[in-house]
Trainee: 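Before I ask anything, here is the structure I am working with.
Ligands are counted one by one from 1 in listed order, and the atoms in each one are counted from 1 as well.
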Amino acid sequence: MAMAYLAWRLARRSCPSSLQVTSFPVVQLHMNRTAMRASQKDFENSMNQVKLLKKDPGNEVKLKLYALYKQATEGPCNMPKPGVFDLINKAKWDAWNALGSLPKEAARQNYVDLVSSLSPSLESSSQVEPGTDRKSTGFETLVVTSEDGITKIMFNRPKKKNAINTEMYHEIMRALKAASKDDSIITVLTGNGDYYSSGNDLTNFTDIPPGGVEEKAKNNAVLLREFVGCFIDFPKPLIAVVNGPAVGISVTLLGLFDAVYASDRATEMLIFGKKLTAGEACAQGLVTEVFPDSTFQKEVWTRLKAFAKLPPNALRISKEVIRKREREKLHAVNAEECNVLQGRWLSDECTNAVVNFLSRKSKL
Ligand SMILES: CCCCCCCCCC/C=C/CC(=O)SCCNC(=O)CCNC(=O)[C@H](O)C(C)(C)COP(=O)(O)OP(=O)(O)OC[C@H]1O[C@@H](n2cnc3c(N)ncnc32)[C@H](O)[C@@H]1OP(=O)(O)O
């Protein structure tokens with residue numbers, strides 16, 4: 001582990017020091033390309049590109065890069081062989097020595113070719129938001145991606161203001177369970193489009209099963225308890241990137257996140273029928289920090305990427321220590337709330353509110 005890290009650090013210095021030991025397929029492949037000769041400028045550009053590599057290309061490639069760099073700048077290896085216990089320097093020496101009498105120009109060309117073959121790992125540093133790398137399939141209402149140590153769960157019903165329908169409740173639970181076990185360091189929830197989420201999809205209340213409304217309310221209460229329970233028990237740092245207005249359950253859930261970053265466009269955090277600006281929600285402790293909408297995504301994702309480089313075990317353990325003290329209480333409150341809600345869903349007040357919304361007689 002330490003060796004891999006050291007090799008990587010070395011690789012990211014002046015030229016990636018790589019080592020390759022005996023075989024050198026990439027080098028051999030390009031040795032035949034006599035027509036092409038990389039200039040000193042190409043070589044320097046490639047060295048700079050290596051420093052921008054987003055992903056560790058692996059020890060074998062790093063050793064190759066190291067060997068080619070040394071060969072291109074110093075010529076054949078004439079250093080004394082390091083001792084058998086000096087593992088890293090011996091691996092590097094072996095890689096360099098394996099190049100034999102390869103001319104400097106050929107080594108320079110092979111270095112440039114090797115770096116260019118790594119181009120999928122090279123990304124513009126201005127791209128701060130995790131992209132579609134390792135996109136999870138099988139979700140209808142979410143886009144789930146994992147990159148840079150961050151699993152991003154994005155509500156993806158923008159035309160419905162990311163209202164949470166029954167399918168989305170189930171998919172969020174599934175995505176959280178997967179994220180808790182994947183190799184990401186932090187997990188982020190956010191919304192696609194202009195809303196973070198308009199809360200529970202009010203059409204959830206309209207589909208009445210044969211067992212009638214009582215059975216529907218009971219089933220919903222069981223599911224809601226399980227849904228909120230997933231947030232209470234989530235083991236890694238959980239962060240909400242509130243990209244726009246948030247309503248109803250999407251607001252009340254925020255209390256279970258470890259950090260909540262809101263755009264100052266999130267001006268309609270509706271709780272108890274009252275609109276709260278993101279700034280007011282921050283003053284009340286519901287939001288961690290508010291950012292100007294124009295720089296929101298850039299600033300927040302830069303920060304999250306830095307968080308994702310923190311030691312994962314320390315993060316998990318810190319969260320566990322904090323959450324442990326309150327977990328039982330949170331589950332008890334959740335159970336009680338779901339019981340109360342089960343009754344409220346059968347009330348005339350609830351029916352009227354849903355009917356009013358669906359018939360567009362009133363809007364919040
Ligand atoms: C685990 C399984 C559990 C099952 C279910 C359990 C139930 C749990 C409930 C827990 C408690 C929840 C509290 C809540 O969250 S209650 C819901 C609170 N939210 C609302 O009341 C918001 C209602 N929406 C609005 O007021 C407005 O739409 C808006 C968000 C202010 C936006 O207004 P705007 O004029 O900009 O846009 P439109 O109204 O035209 O909306 C565009 C389309 O989106 C549809 N939409 C928006 N929000 C919802 C919603 N919450 N439910 C259903 N549909 C929604 C809207 O109808 C438009 O659709 P259309 O284009 O097809 O007409």
Side-chain angles (χ1 to χ4, degrees), residues 139-142 153 155-177 189 191-209 211-234 240 242-257 263 265-278 281 286 330-331 333-364:
F139 293 102
E140 289 297 318
T141 65
L142 307 174
I153 300 172
F155 309 137
N156 193 31
R157 297 184 74 216
K159 288 187 181 154
K160 297 285 182 185
K161 309 294 183 192
N162 296 322
I164 309 176
N165 62 7
T166 308
E167 186 176 23
M168 203 198 278
Y169 279 107
H170 286 286
E171 290 194 347
I172 293 170
M173 286 194 271
R174 185 150 60 84
L176 284 175
K177 281 175 188 161
L189 262 70
N192 186 14
D194 58 346
Y195 263 65
Y196 174 69
S197 167
S198 61
N200 181 54
D201 188 314
L202 292 167
T203 65
N204 283 340
F205 295 120
T206 57
D207 164 30
I208 308 298
V213 281
E214 281 84 4
E215 185 185 304
K216 169 97 180 172
K218 195 172 158 199
N219 291 343
N220 279 354
V222 170
L223 283 169
L224 184 63
R225 185 171 165 184
E226 189 192 341
F227 176 75
V228 175
C230 287
F231 285 82
I232 296 172
D233 290 331
F234 193 73
V242 183
N243 54 298
V247 187
I249 190 169
S250 75
V251 176
T252 51
L253 278 174
L254 294 179
L256 294 172
F257 284 71
S263 151
R265 215 174 50 75
T267 52
E268 293 177 78
M269 294 206 150
L270 304 178
I271 323 177
F272 310 127
K274 182 183 182 308
K275 286 187 186 183
L276 226 67
T277 65
L286 188 63
L330 286 169
H331 280 301
V333 170
N334 182 27
E336 191 182 335
E337 271 186 22
C338 290
N339 273 342
V340 171
L341 278 172
Q342 184 179 334
R344 295 301 299 151
W345 290 330
L346 300 172
S347 71
D348 285 346
E349 286 175 355
C350 180
T351 308
N352 290 341
V354 174
V355 169
N356 279 344
F357 174 72
L358 295 178
S359 62
R360 293 296 194 278
K361 280 186 193 149
S362 83
K363 271 193 176 173
L364 289 170

Trainee: Ignoring hydrogens, just give me the one of Asp194, Asn165, Asn200 whose non-hydrogen atom is nearest atom 16 (S) of ligand 1.
Mentor: Asn200
Trainee: So between Lys161, Arg157, Met173, whose heavy atom ends up nearest atom 37 (O) of ligand 1?
Mentor: Lys161
Trainee: Does Leu223 reach ligand 1 with a nitrogen or oxygen that is under 3.5 Å from one of the ligand's nitrogen or oxygen atoms?
Mentor: no
Trainee: Under the rule for salt bridge (Lys or Arg N to Asp or Glu O under 4.0 Å), what residues qualify as partners of Lys216, not counting sequence neighbours?
Mentor: none
Trainee: With salt bridge (Lys or Arg N to Asp or Glu O under 4.0 Å) as the rule and sequence neighbours excluded, what pairs involving residues 193-204 come up?
Mentor: Arg157-Asp201, Lys161-Asp194
Trainee: Give the atoms of ligand 1, by number and element, whose distance to some non-hydrogen atom of Gly199 is under 4.0 Å.
Mentor: 15 (O)
Trainee: Which atoms from ligand 1 have a heavy atom of Ala163 less than 4.0 Å away?
Mentor: 49 (C), 50 (C), 51 (N), 52 (N)
Trainee: Can you check whether Val242 reaches Leu254 side chain to side chain, under 4.5 Å on heavy atoms?
Mentor: yes
Trainee: Using a 3.5 Å cut-off on N or O atoms only, is Phe227 in polar contact with ligand 1?
Mentor: no
Trainee: Any side-chain heavy atom of Ile153 within less than 4.5 Å of one from Phe139?
Mentor: no
Trainee: So among Glu337, His331, Glu336, which one has a side chain to side chain contact (heavy atoms under 4.5 Å, CB included) with Val333?
Mentor: Glu337
Trainee: Taking 4.0 angstrom as the limit and counting only heavy atoms of Lys159, give me the atoms of ligand 1 inside it, by number and element.
Mentor: 42 (C), 43 (C), 44 (O)
Trainee: Can you confirm whether the side chains of Thr141 and Glu171 place a donor and an acceptor under 3.5 Å from each other?
Mentor: yes
Trainee: Closer than 4.0 Å to some heavy atom of Val247 - which atoms of ligand 1 meet that?
Mentor: 18 (C), 19 (N), 20 (C)
Trainee: I'd like to know whether Glu226 forms a salt bridge (charged side-chain N to carboxylate O under 4.0 Å, His left out) with Lys177, so could you lay out the CA-CA distance, the side-chain angles of the two residues, the decisive distance to 0.1 Å, and finally the verdict.
Mentor: CA-CA 12 Å; Glu226 189 192 341; Lys177 281 175 188 161; 3.4 Å; yes
Trainee: Which of the atoms of ligand 1 are close to Gly248, meaning less than 4.0 Å from one of its heavy atoms?
Mentor: 14 (C), 15 (O)
Trainee: Any nitrogen or oxygen of Lys160, main chain or side chain, under 3.5 Å from a nitrogen or oxygen of ligand 1?
Mentor: yes
Trainee: When you compare the side chain of Leu276 with that of Val251, does any pair of heavy atoms fall below 4.5 Å?
Mentor: no
Trainee: Would you mind telling me if ligand 1 is within reach of the side chain of Ser198, the backbone, both or neither, using heavy atoms under 4.0 Å?
Mentor: both
